[in-house]
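Here's the structure we're looking at; comments come further down.
Order of the sequence lines sets the chain letters (A, B, ...), proteins ahead of strands, with each chain counted from 1. In this text the structure is predicted, and so the values were computed from the model without any measurement.
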Number of protein chains: 2
Amino acid sequence: MMTAVESSGRRRVTLDDVAQRAGVHKSTVSRALRSASSDPRVARIREVAEELGWTPDLIAAGLRNQQMRSIGVLVPRLTDVVLATIFEGIDDTLSQQGWQAVVVSTWDEPEVQRRRARLLLGHRVDGLIVADARDDEPYMVDIAGRGVPVLLVNRSYPGFVSVTCDDELGGRLAAEHLVGLGHTRLGVVAGMPYAVSLSNRVRGFRAAARERGVEVSDDLVVPSTIYPSAGREAGTRLLDLPDPPTAFFVVNDAAAIGLLGLLRERGLTPGVDVSVVGFNDIPEAAELHVPLTTVRNPMREMGALAANEALRMISGQPVTSRTLRPELVVRASTGPR
Amino acid sequence: MMTAVESSGRRRVTLDDVAQRAGVHKSTVSRALRSASSDPRVARIREVAEELGWTPDLIAAGLRNQQMRSIGVLVPRLTDVVLATIFEGIDDTLSQQGWQAVVVSTWDEPEVQRRRARLLLGHRVDGLIVADARDDEPYMVDIAGRGVPVLLVNRSYPGFVSVTCDDELGGRLAAEHLVGLGHTRLGVVAGMPYAVSLSNRVRGFRAAARERGVEVSDDLVVPSTIYPSAGREAGTRLLDLPDPPTAFFVVNDAAAIGLLGLLRERGLTPGVDVSVVGFNDIPEAAELHVPLTTVRNPMREMGALAANEALRMISGQPVTSRTLRPELVVRASTGPR
DNA sequence: TCCTGTCGTGCAATCGATTGCGCGCAATCG
DNA sequence: CGATTGCGCGCAATCGATTGCACGACAGGA
């Protein structure tokens with residue numbers, strides 16, 4: 001004979017099943033299961049629930065309570081270790097507090113962003129954490145005022161509360177370092193123009209360089225994606241200039257790694273012939289043949305803080321934007337001119 | 001005056017709202033919205049729904065239909081690019097078919113695995129894709145027979161349908177390559193013993209080596225984690241043996257990268273003094289100073305196939321385990337003895 | 001003219017957990 | 001011993017979409 005637990009493909013155990021077995025009404029069971037009381041009757045009901053293998057149906061409870069205890073998270077893509085790390089911070093924080101993160105990839109494509117955001121709202125998430133805001137296609141604007149709080153992380157946008165790295169400061173740290181080493185011809189691999197996090201890094205870099213008497217002209221600032229291949233391509237363009245830079249600021253480490261590969265092929269030694277500063281300090285930056293000087297971005301903390309702020313928003317508490325402090329990590333890929 | 005769409009924080013628009021505005025019953029609206037008809041009355045109802053900004057409540061629909069069109073995915077961690085890539089394949093495939101993936105990280109910890117699996121079931125996912133099966137703590141066994149189909153990916157387990165790489169073959173390819181280059185003293189950085197994917201690679205490697213007359217003794221097989229630091233530590237142990245190996249098989253690329261760092265520090269040139277074969281072919285393997293010879297694991301395809309097989313299981317169709325063919329990618333980190 | 005078949009619509013039940021309301025029982029006090 | 005307070009429990013409504021059933025209208029054929 002099969003017990004209820006062993007049989008497969010059977011109907012879900014509901015509160016009513018427990019109630020019947022315990023000889024009480026389902027409302028009594030519901031109350032018993034969430035009371036802290038140690039009343040013997042309550043204990044008996046708990047026992048029956050356990051025996052029958054009852055587990056709460058979060059969908060039914062969510063419908064009734066108008067609260068799913070879940071937050072939707074939109075990221076460009078999870079195979080980017082930067083976004084994966086931010087999400088890990090979010091997921092960890094939420095799950096520790098009994099909440100569920102529901103993540104979707106949008107590939108930075110506005111149409112996908114809109115579609116998947118709508119879908120998340122259909123799943124009645126209680127809030128949205130947006131890590132893929134574009135300043136040319138701010139889909140979050142349509143979502144806001146839908147009754148669901150929206151928090152930005154990683155990239156900011158006017159009118160929204162956000163949790164970001166102080167990207168401008170990060171850019172400044174890179175510029176100060178390179179100018180301090182005596183470099184005066186600075187190239188920038190600038191990333192996607194629609195990502196404010198990246199353009200802020202470039203802005204900070206150029207401003208700090210100029211303040212120290214080094215002008216970074218527009219032709220030394222090359223847009224790119226965030227992949228190693230993009231670092232190679234942008235690097236090629238810059239190295240092939242009549243008067244190529246002696247130092248590079250690459251707005252993300254993956255592209256910087258591509259640039260390092262290009263330099264190697266051209267017989268240039270990073271840190272000796274040419275300097276390179278990356279951004280984020282992803283784990284492999286330290287493992288490279290020539291370890292990468294980079295700006296550490298507190299990605300995990302950013303995710304954790306974003307999750308907490310989102311919970312605060314949902315519970316109706318006031319929240320304000322926060323920026324986290326980046327830090328320069330000097331390694332072997334930079335050296336004196 | 002605010003329109004319904006502009007006002008914020010307001011109540012959700014329900015079918016009943018649309019029905020009242022259109023002067024019909026909500027059941028009529030429900031039918032109209034999902035019929036393909038171009039009847040003018042149907043068109044009118046659609047128009048009203050659009051105007052009021054109605055969006056389906058997937059929670060309510062899920063409760064009524066006993067089907068959420070979502071699949072829970074359990075992974076060790078998403079910051080591991082291997083798992084992130086597998087998940088990307090799953091997510092992409094599911095979302096293209098109108099399904100939602102809900103992913104959770106379990107850190108390979110049995111207690112977390114159990115807790116989060118239960119939580120996913122509480123969310124009424126229609127199936128589970130398990131990427132973090134441990135052969136010493138098979139939590140999936142408790143979950144199976146809960147009325148929800150379970151599919152394994154990445155790591156297999158007896159009695160479960162799985163989609164995996166042919167890891168044993170991958171190990172064989174590595175061994176054939178190294179023995180073919182004349183190496184007879186082979187070291188193995190073996191990964192976690194509880195992960196069958198990894199131990200299968202080691203088994204295939206040792207079997208193929210033995211078939212070619214090279215015995216890999218137990219003291220040359222060192223357990224590890226999958227991080228670069230673990231590659232360094234395991235490598236240190238092997239290099240400090242009285243008769244150290246001249247070639248290494250490292251069951252995953254991240255650890256192989258750590259081993260390459262160690263070799264560099266010891267003044268050994270990979271591909272010349274010592275050979276190293278990794279596993280997975282993650283993107284950075286090709287970008288290294290000494291590009292890594294490795295066994296390509298079709299991770300994204302694995303995820304996509306797993307998603308499709310899971311959908312098949314859910315729809316009640318028969319499914320069988322599938323293995324995908326790995327491929328040796330020879331680069332500069334291996335060379336003749 | 002009446003009957004039958006078809007189509008569209010309204011009604012009400014359903015999914016499972018939660019909760020306000022009210023009833024009945026027991027305990028305590030005057 | 002009767003009245004009042006308090007507590008526990010059952011009842012039924014609720015959340016929002018879906019769907020079987022039944023009824024009414026209308027058309028076509030006998």
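- Listed by first then second residue, pairs satisfying salt bridge (Lys or Arg N to Asp or Glu O under 4.0 Å) with a partner in residues 66-78 of chain B read A/E88-B/R77, not counting sequence neighbours.
- Here B/S315 pairs with B/Q317 under the side-chain hydrogen bond (donor to acceptor under 3.5 Å, both in side chains) rule; sequence neighbours left out.
- Listed by chain and residue number, A/R44 satisfy the side-chain hydrogen bond (donor to acceptor under 3.5 Å, both in side chains) test with A/E47 (two or more places apart in sequence, or in another chain).
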Measure all distances between protein nitrogen or oxygen atoms and nitrogen or oxygen atoms of nucleotides 20-28 of chain C, and list the pairs falling under 3.5 Å.
residue, atom, partner, partner atom, Å
C/dG20, O6, A/R31, NH1, 3.3

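- Not one N or O on the side chain of A/N65 forms a donor-acceptor pair closer than 3.5 Å with the backbone of A/Q67.
- Separating the NZ atom of A/K26 from the P atom of C/dG16 is a distance of 10 Å, rounded to the nearest angstrom.
- No donor-acceptor contact under 3.5 angstrom links the side chains of B/R12 and A/Q66, judged on distance only.
- Judged purely by atom type and a 3.5 angstrom limit, A/R155 has no side-chain atom pairing as donor or acceptor with the backbone of A/S197.
- Residues from residues 56-67 of chain B with heavy atoms under 4.0 angstrom of DNA chain D, sorted by number: B/D57, B/A60, B/A61, B/R64, B/N65.
- For B/V24, the side chain to side chain contact (heavy atoms under 4.5 Å, CB included) partners are B/A22, B/T28, B/V29, B/I45, not counting sequence neighbours.
- B/D92 pairs by the salt bridge (Lys or Arg N to Asp or Glu O under 4.0 Å) definition with B/R300, not counting sequence neighbours.
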Distances for protein N or O near nucleotides 22-25 of chain D N or O, under 3.5 Å:
none

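- Rounded to whole Å, atom P of D/dG16 lies 15 Å from atom NE2 of B/H25.
- Checked against C/dA17, D/dA17, D/dT18, the side chain of B/W54 finds its nearest nucleotide in D/dA17.
- Rounded to the nearest 0.5 Å, atoms OG1 (A/T79) and CZ (B/F87) are 11.0 Å apart.
- At distances below 3.5 Å, not a single donor-acceptor pair connects side-chain atoms of B/H123 with backbone N or O atoms of B/V125.
- Counting to the nearest Å, the C1' atom of C/dC11 and the CG atom of B/L15 are 15 Å from each other.
- In this entry the distance linking CD of B/Q20 with P of C/dG10 reads 12 Å, nearest Å.
- Under the side-chain hydrogen bond (donor to acceptor under 3.5 Å, both in side chains) criterion, A/R312 pairs with A/E309, sequence neighbours left out.
- Across the helix from C/dT1-D/dA30 to C/dG30-D/dC1, the helix axis at one end is tilted relative to the axis at the other end by 60° (nearest 10 degrees, each axis from five pairs).
- Rounded to whole Å, atom P of C/dG16 lies 15 Å from atom CG of B/L121.
- C/dA17 atom C1' lies 15 Å from atom CZ of A/R69, rounded to whole Å.
- Shown for residues 35-46 of chain A: no residue has heavy atoms falling under 4.0 angstrom of DNA chain C.
- Distances shown here put a side-chain N or O of B/T28 below 4.0 Å from the OP1 or OP2 atom of C/dG10.
- For the pair B/R114 and B/Y139, the cation does not sit on the ring face, since its NZ or CZ is not both under 6.0 Å from the ring centre and inside 45° of the axis.
- Here the side chain of A/S30 is nearest to one of D/dG16, C/dA12, C/dT18, namely C/dT18.
- Among residues at least two apart or in separate chains, salt bridge (Lys or Arg N to Asp or Glu O under 4.0 Å) pairs with a member in residues 20-33 of chain A are A/R21-A/E51.
- What separates CE of B/M68 from P of D/dG16 is a distance of 15 Å, to the nearest Å.
- Between the side chains of B/Q100 and B/D91, no donor N or O sits under 3.5 Å from an acceptor N or O.
- Within the 4.5 Å cutoff, the side chain of A/I71 has no heavy atoms near those of the A/V102 side chain.
- B/D126 places a side-chain N or O within donor-acceptor distance of the main-chain N or O of B/M68, the cut-off being under 3.5 Å.
- Distance B/D16 CG to D/dT18 P: 13 Å, rounded to the nearest Å.
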